[in-house]
> 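Got a structure here, written out as structure tokens. Questions coming.
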Amino acid sequence: MTLAPAQVPTTPMPRIAVIDFETTGISPAMGDRATEVAIVMLEGGRVVDRFQSLMNTGVRIPPFITQLTGITNAMIATAPEAETVMAEASRFVGDAPMVAHNAAFDRKFWQAELARAGLAAPQPFACTVLLSRRLYPQAPNHKLGSLVDFHRLPRTGQAHRALADAEMAAALLGQIQHDLRAQFGVPAPTHELLMAVQTCSRHAVPARIRQYLGASSAG
DNA sequence: TGCCAGGCCCTCTTTAGGGCCTT
């Protein structure tokens, strides 16, 4: 896919893993499980690798979820076991910090599915919903598809499938990083900066970025 | 079968309520 805009940062940027889950529902605590996971690996705002797999947890998919995602019980019946997929996903991500659209949701499933596989989930999560609320208050809403349209980013694949949604979230992250460079003079918007921006109030964003840049240059 | 949870954010707020966002 093409990330817009294609501006080359002045300093090398570490990897960021953008993740999206499709699931049987919204709450792992209520018994919901992942049905598909996709991860887009970014380096310097560019896609350098992708991971995608359906996964079989043995939990049936409700009809309205199949209607939403197109993922059927027949599809996951022949998919690899969830523990196998999550182990591969964990190796793929490594120690890269992570980003998701409404990260609270994907973080819950990342942690729950890795825990079932006996694996740790130490990665910090930044959230493109929180970042968009702070940076784009003029957007009509902050759904992933609406923000993609708002920024005129490319749509690739079928919405509500993991890889297509991860690609769109990655494109949105690329837009956010571009705007942080263009509007706030951040030479290389790191995951640490994203976390700093998303945890301050909307009106405190410029001051928070100045504070971060000052601390970075002093350190 | 089912519309479940939970953190965030705005306002008709702060001793609260309700909408957003994810599947």
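Just so it is clear: chains get the letters A, B, ... in the order the sequence lines come, proteins before strands, and each one is counted from 1.
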> I'd like the P distance from B:dC12 over to B:dC8, given in whole Å.
23 Å
> Without decimals, in angstroms, what is the distance between A:His160 NE2 and B:dT23 C1'?
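Spelled out: NE2 on A:His160 to C1' on B:dT23 is 9 Å.
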> Can you tell me the distance, in whole Å, between the CG atom of A:Leu131 and the P atom of B:dC20?
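Spelled out: CG on A:Leu131 to P on B:dC20 is 20 Å.
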> Considering only nitrogen or oxygen atoms on both sides, find all protein atoms under 3.5 Å from nucleotides 2-5 of chain B and state each distance.
none

> Rounded to whole angstrom units, what separation is found between the CG atom of A:Leu144 and the C1' atom of B:dC21?
11 Å
> Quickly work out the A:His203 NE2 to B:dC8 P distance and round it to whole Å.
18 Å
> In whole Å, what separates the C1' atom of B:dC3 from that of B:dC21?
14 Å
> Taking atom CD of A:Gln158 as the centre, report whether more than 12 heavy atoms of other residues, nucleotides or ligands fall under 6.0 Å from it.
yes
> Would you measure the distance from the C1' atom in B:dT1 across to the matching atom in B:dG6 and give it in whole Å?
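My reading of the C1' atoms in B:dT1 and B:dG6 gives 23 Å.
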> Can you tell me how far P of B:dC8 sits from CG of A:Leu135, to the nearest Å?
17 Å
> Any idea which of B:dT23, B:dC10, B:dC21 is nearest the A:Arg133 side chain?
B:dC21
> Taking the nucleotide of DNA chain B with the closest heavy atom to each, which residue, A:Thr23 or A:Ile61, is nearer the 5' end?
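Residue closer to the 5' terminus by nearest nucleotide: A:Ile61.
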> Once side chain to side chain contact (heavy atoms under 4.5 Å, CB included) is applied, do any residues pair with A:Ala207, and if so which ones, sequence neighbours excluded?
A:Arg210
> By the definition side-chain contact (heavy atoms from CB on, under 4.5 Å), identify the one residue from A:Thr23, A:Thr72, A:Asn73, A:Leu68 that meets it with A:Ile61.
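Passing option: A:Asn73.
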> Any carboxylate oxygen within less than 4.0 angstrom of a Lys/Arg side-chain nitrogen, looking at A:Arg116 and A:Glu83?
no
> If we take the C1' atom in both B:dA5 and B:dT23, what is their distance in whole Å?
11 Å
> With rounding to the nearest 0.5 angstrom, report the OG to CG distance, A:Ser132 to A:Asn102.
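If we round to the nearest 0.5 Å, A:Ser132:OG and A:Asn102:CG are 11.5 Å apart.
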> Whether the side chain of A:Thr199 engages the backbone of A:Met195 through a donor-acceptor N/O pair (distance < 3.5 Å, no angle test) should be reported.
yes
> Separation of A:Arg107 atom CZ from B:dC21 atom C1', in whole Å?
13 Å
> For B:dT22, take OP1 and OP2 only and decide whether either is under 4.0 Å from a side-chain N or O of A:His101.
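Yes.
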> If the P atom of B:dC4 is compared with that of B:dG18, how far apart are they to the nearest Å?
15 Å
> Base, sugar-phosphate, or nothing for A:Thr35, non-hydrogen atoms under 4.0 angstrom?
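If one applies the 4.0 Å heavy-atom cut-off, A:Thr35 turns out to touch nothing in the nucleic acid.
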> Return the value, rounded to whole Å, for the distance between atom CH2 of A:Trp110 and atom P of B:dG6.
22 Å
> In whole angstrom, what separates A:Lys143's NZ from B:dT23's C1'?
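Nearest whole value for this atom pair: 13 Å.
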> With sequence neighbours excluded, what pairs up with A:Asp149 under the salt bridge (Lys or Arg N to Asp or Glu O under 4.0 Å) test?
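Result, salt bridge (Lys or Arg N to Asp or Glu O under 4.0 Å) vs A:Asp149: A:Arg155.
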> Just verifying a value: how many Å separate A:Ser27 OG and A:Phe105 CZ, rounded to the nearest 0.5 Å?
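Separation between the atoms: 9.5 Å.
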> At under 4.0 Å between heavy atoms, what does A:Asp20 touch on the DNA or RNA strands: base, sugar-phosphate, or nothing?
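Since only primed, P, OP1 and OP2 atoms lie under 4.0 Å of A:Asp20, the category is sugar-phosphate.
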